[in-house]
Amino acid sequence: MSDNETHVIKIHGLSFYEGHGVGKSDDGKVYFVDQACPGDVVEIEVYKSKKNFAFARISKIIEPSPHRVKPLCNHFEDCGGCSIQHTMYSVQVEEKQKVLKRYQEKSSKSFKLLPFQPSSSPYHYRSRIEVHVKNNKWGFYKKKSKSLVHPDQCVIVHPDINTNLNRSNLSDGDYHVDLKEIKLRSRGIEGIFQQINPEINLALKDYILEVVESAPFEIKHLYDLYAGSGNYSLHLSDRLSKPSSAIQYYCVELSRNLVETGKNNSLNKPNIFWVQKSVEDFLLTKDLKTTDSMLLINPPRDGVDKSVIDAISKSRIKYLIYVSCNPMTLFRDIDALGPSASILSLKGFDMFPQTMHFETVAFLSL
């Protein structure tokens, strides 16, 4: 099929991470269809075609899916923020679990895939966003564009953020917005990263707590790599049923701002140590040969550098908790650890409802 041709297909799933509907033609070609829902039968118009797959838009919904719902946001078709508001929330969760299930099915490593953790609030869950202001009106970029849409409210952010934005007289520019303040973004100034879904962040931290408590040995050192401002180590230090003072936490983070925030948050915790370095540089100078330690890593979306994989593989550390916002790079890195690495459990957390993004926690023995 060439560009601009039409075809009728049935949608069988959603793609990671764009959230396109996915369907196949009779000849086996795969189509990624904007704003299509699993179960739809649609007539599509191709706008970009490759040998084995193509991208298309809906020209007509022939048979709407029973899972298709009306988006809450009036700007859904244009805004680049949410890609799957048109899909029933329970199906969103099923589609995300399918991403992990596909890896389980093709992996040579047998492991336990745990139930996916949904959000009890699939709307109004975000405690932080970034907005753009033009002509004193705040908004978000349109899909594949630098032009803006200007909603009266964003349906996935906390209502207080909408209220504060609508009450503020903002000059043109880009802003970080959370429940406390609206702050102009400045080039060259580091931002402060924080998880945007408090409910799921807590569920994720409590799950990591369960994993650490289940360790079959006494942990004396926990290396928290890509630690941010200490989201996980602070929680573990507060909540572990065994004496938390027996564990020394080494929080490794490159961002000076995040390290300073973490230090301020752990002033009364003498067992938490902060290292302002890249993880790669830290591992060049730190010997991880001890067997009474555990690794906890939460890298950026691109995953970890090969040097980090090599350092982990050469260490005598037996257990690793890998938290990831990108299951594709997570799977790549797990495979790169080699046959000696075994997945004990894998669990997804819906940090980002109305999108195909989510968090995954893998617990591995090395």
- Query: Is the number of heavy atoms from other residues, nucleotides or ligands within 6.0 Å of NZ (K10) greater than 12?
  - Reply: no

- Item | N257 and S255: side chain donor to acceptor below 3.5 Å | no

- Please report the C-alpha distance between Y226 and V308 in whole Å, then the side-chain angles of each, then the deciding distance to 0.1 Å, and finally whether the side-chain contact (heavy atoms from CB on, under 4.5 Å) criterion is met. CA-CA 12 Å; Y226 314 93; V308 176; 3.8 Å; yes

- Could you grab the distance from atom CD of E253 to atom CG of L258, nearest 0.5 Å is fine? 5.0 Å

- Are a donor atom and an acceptor atom from the side chains of H124 and N162 found within less than 3.5 Å of each other? no

- Message: Strictly below 4.0 Å, N to O, side chains only: are K143 and D78 in salt-bridge contact?
- Response: no

- Please work out which of the three classes, parallel, tilted or perpendicular, describes the rings of H357 and Y17, given edges at 30° and 60°. tilted

- Kindly confirm or rule out a cation-pi arrangement of K183 over Y175, judged by NZ or CZ under 6.0 Å from the six-membered ring centre and within 45° of its axis? no

- Message: Looking only at the side chains, is there a donor atom on one of S324 and N326 sitting less than 3.5 Å from an acceptor on the other?
- Response: no

- Query: Hey, are the side chains of D350 and Y89 touching, using non-hydrogen atoms and a 4.5 Å cut-off?
  - Reply: yes

- Is it the case that K263 and S229 place a side-chain donor and acceptor less than 3.5 Å from each other? no

- State whether the number of non-hydrogen atoms from other residues, nucleotides or ligands found under 6.0 Å of D26 atom CG is greater than 12. no

- Message: In this structure, would M328 and L113 fall into the same cluster of hydrophobic residues linked by side-chain contacts under 4.5 Å?
- Response: yes

- Classify the ring geometry between W138 and F140 as parallel (under 30°), tilted (30 to 60°) or perpendicular (over 60°). perpendicular

- Among N271, D238, D224, N265, which one satisfies side-chain hydrogen bond (donor to acceptor under 3.5 Å, both in side chains) with S233? D224

- Message: Is there a continuous path of hydrophobic side-chain contacts, each under 4.5 Å between heavy atoms, that joins L320 to F282?
- Response: yes

- Query: Only one of Q85, Q354, Q97 clears side-chain hydrogen bond (donor to acceptor under 3.5 Å, both in side chains) with Q92; which?
  - Reply: Q354

- Query: Does NZ or CZ of K51 lie under 6.0 Å from the centre of the six-membered ring of F53, at an angle within 45° of the ring axis?
  - Reply: no

- Spatial distance of atom CG (N298) from atom CG (N231) [nearest 0.5 Å]: 8.0 Å

- Message: Salt bridge check, K314 against D310: does any charged N sit closer than 4.0 Å to a carboxylate O?
- Response: no

- Query: Heavy-atom count around D152 CG within 6.0 Å, excluding the residue itself: above 12?
  - Reply: no

- Could you state whether I62 and I44 fall into the same hydrophobic cluster, counting links through intermediate Ile, Leu, Val, Met, Phe, Trp or Tyr residues with side-chain heavy atoms under 4.5 angstrom apart? no

- Message: Other residues, nucleotides and ligands only: do more than 12 of their heavy atoms fall within 6.0 Å of CG on N74?
- Response: no

- So does D40 pair up with R68, basic N to acidic O under 4.0 Å? yes

- Message: Rounded at 0.5 Å granularity, tell me how far OH in Y250 sits from CG in L295.
- Response: 13.0 Å

- Pair Y322-D333, side-chain hydrogen bond (donor to acceptor under 3.5 Å, both in side chains): steps then yes or no: CA-CA 10 Å; Y322 190 141; D333 293 341; 2.6 Å; yes

- salt bridge (charged side-chain N to carboxylate O under 4.0 Å, His left out) between K98 and E95, worked out: CA-CA 5 Å; K98 284 181 183 178; E95 290 296 318; 3.0 Å; yes

- Query: NE2/H158 to CG/N197 distance, rounded to the nearest 0.5 angstrom?
  - Reply: 11.5 Å

- Can a donor-acceptor pair be found between the side chains of S119 and S121 at a distance below 3.5 Å? no

- Determine, stepwise, if the pair L204 / E359 fulfils side-chain contact (heavy atoms from CB on, under 4.5 Å). CA-CA 9 Å; L204 196 155; E359 296 278 335; 3.8 Å; yes

- Message: Can a side-chain donor-acceptor contact be found between S59 and E43 if the only test is distance below 3.5 angstrom?
- Response: yes

- Task: Could you tell me whether the side chain of L296 reaches within less than 4.5 Å of the side chain of L222, counting heavy atoms only?
- Result: yes

- Query: Going by distance alone, is a donor N or O of one side chain under 3.5 Å from an acceptor N or O of the other, for S120 and E199?
  - Reply: yes

- Message: Check the orientation of F116 and F358. Use parallel for under 30°, tilted for 30 to 60°, and perpendicular for over 60°.
- Response: perpendicular

- Task: Mind running side-chain hydrogen bond (donor to acceptor under 3.5 Å, both in side chains) on K134 and S147 for me, showing each step along the way?
- Result: CA-CA 10 Å; K134 188 173 183 180; S147 59; over 6 Å; no

- Message: In the structure I gave you, are the side-chain heavy atoms of E45 and Y47 within less than 4.5 Å of one another anywhere?
- Response: no

